[in-house]
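Have a look at the structure below before the remarks.
Start at 1 and go down the list; that is how both ligands and their atoms are numbered.
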Amino acid sequence: MPSQQALVRRPGPRLAEGLVTHIDRRPVDPALALRQWETYVQVLRDHGWQTTEVAPADDCPDAVFVEDTLVMFRNVALLARPGAGSRRPEVPAARAAAEALGCSVNEIRAPGTLDGGDVLKVGDTVYVGRGGRTNAEGIRQLRAAFEPLGARVVAVPVSRVLHLKSAVTALPDGTVIGYPPLVDDPALFPRFLPVPEESGAHVVLLGGGRLLMADGAPKSAELLAGLGYQPVLVDIGEFEKLEGCVTCLSVRLRELYA
Ligand SMILES: NC(=O)NCCC[C@H](N)C(=O)O
């Protein structure tokens, strides 16, 4: 029976200072962000996920984007070494949370850098984005960590967005979805479905055919509903101002051993 555990991390007091790289800075409303985060977490719970809060890292504005701190394959948590130095202090508490859930723990070491948002799993294939945050050494260490466990690691360039999963995610049947202007090369994926909006490319698989998506992508939601999926929409507008998306607000742990 697959596990349905998710790590989340409450937004901290410095959220509005979070990094922005590919978009213009817009003011963030911390109270609204907190409400949006609480709704996001509640939706996970409503769909059967047990959520664990990683201890706050209140000096780190981007700590809410907990997905970037570790990558799961099977029951192994590979601790990231974020490409942005300001985000590295987020990692120790993520390690503690993964250990408390019984994960085996490995880590990316200097000079490697890797952000969890650059890693997309489709079955045993692990796509890793080589972009602004993840370097060649980080990719090499990811291969060394996961290939012995049965992963096939496929590196792909990411130049138009922050992370690989800002550009593409995958449906339950393994089809990779993306908003074409932001995908370096759709031909790198065996089955690629274009979606008509940027945030329509981001789905969290809740289980069955349910897809957690941002509510700012109605045409994409309609496209996916037409394919027999059930979009579950949330407003994460305050996090999108900081280049966050639905995937980055949690780490899903689907293969823990009880
Ligand atoms: N996996 C993700 O998409 N993470 C979003 C991180 C946004 C944050 N402001 C950053 O630049 O690191």
Pick one of side chain, backbone, both or neither for how Asp62 approaches ligand 1, counting any non-hydrogen atom pair under 4.0 Å. side chain

Give the atom numbers and elements of ligand 1 that come within less than 4.0 Å of a heavy atom of Gly117. 1 (N)

Examine Leu19 against ligand 1 and note whether any of their N/O atoms are separated by less than 3.5 Å. yes

Under a plain distance cut-off of 3.5 Å, with no hydrogens placed, do Arg81 and Thr113 share a side-chain donor-acceptor pair? no

Within less than 4.0 angstrom of ligand 1, does Lys165 place any heavy atom? no

Which residue holds the protein heavy atom closest to atom 3 (O) of ligand 1, what is that atom called, and what is the gap in Å? His163 ND1, 3.3 Å

Please check whether Arg87 reaches ligand 1 - meaning an N/O of the residue sits under 3.5 Å from an N/O of the ligand, judged on distance alone. yes

May I ask you to check whether Tyr40 and Ser250 show a side-chain donor-acceptor distance below 3.5 Å? yes

Taking the six-membered ring for Trp, are Tyr127 and Phe189 parallel (under 30°), tilted (30 to 60°) or perpendicular (over 60°)? perpendicular

Run the salt-bridge test on Arg133 and Asp118 with the 4.0 Å N-O cut-off and return the result as yes or no. no

Indicate whether the side chain of Glu90 and that of Thr69 have a donor and an acceptor atom separated by less than 3.5 Å. no

Are the charged groups of Glu238 and Lys241 less than 4.0 angstrom apart, N to O? yes

Could you tell me which atoms of ligand 1, counted from 1 in the order shown, lie closer than 4.0 angstrom to a heavy atom of Glu67? 1 (N)

For the CD atom on Gln50, are there more than 12 heavy atoms of other groups (residues, nucleotides or ligands in this structure) within a distance under 6.0 Å? no

Identify which one of Leu162, Leu15, Val64 satisfies the side chain to side chain contact (heavy atoms under 4.5 Å, CB included) criterion when paired with Leu242. Leu15

closest protein heavy atom to atom 1 (N) of ligand 1 is Asp68 OD1, 2.9 Å

Using distance alone, decide if ligand 1 has a nitrogen or oxygen within less than 3.5 Å of any nitrogen or oxygen in Leu242. yes

With heavy atoms under 4.0 Å as the rule, classify the contact between Asp115 and ligand 1 as side chain, backbone, both or neither. neither

heavy-atom search around atom 11 (O) of ligand 1 in the protein gives Arg133 NH2, 2.9 Å

Please determine, by modelled atom types, if Gln42 and Glu38 share a side-chain donor-acceptor pair under 3.5 angstrom. no

Protein residue, atom and distance nearest to atom 5 (C) of ligand 1, heavy-atom basis: Glu243 O, 3.4 Å

Min heavy-atom dist Thr21 to ligand 1 below 4.0 Å: no

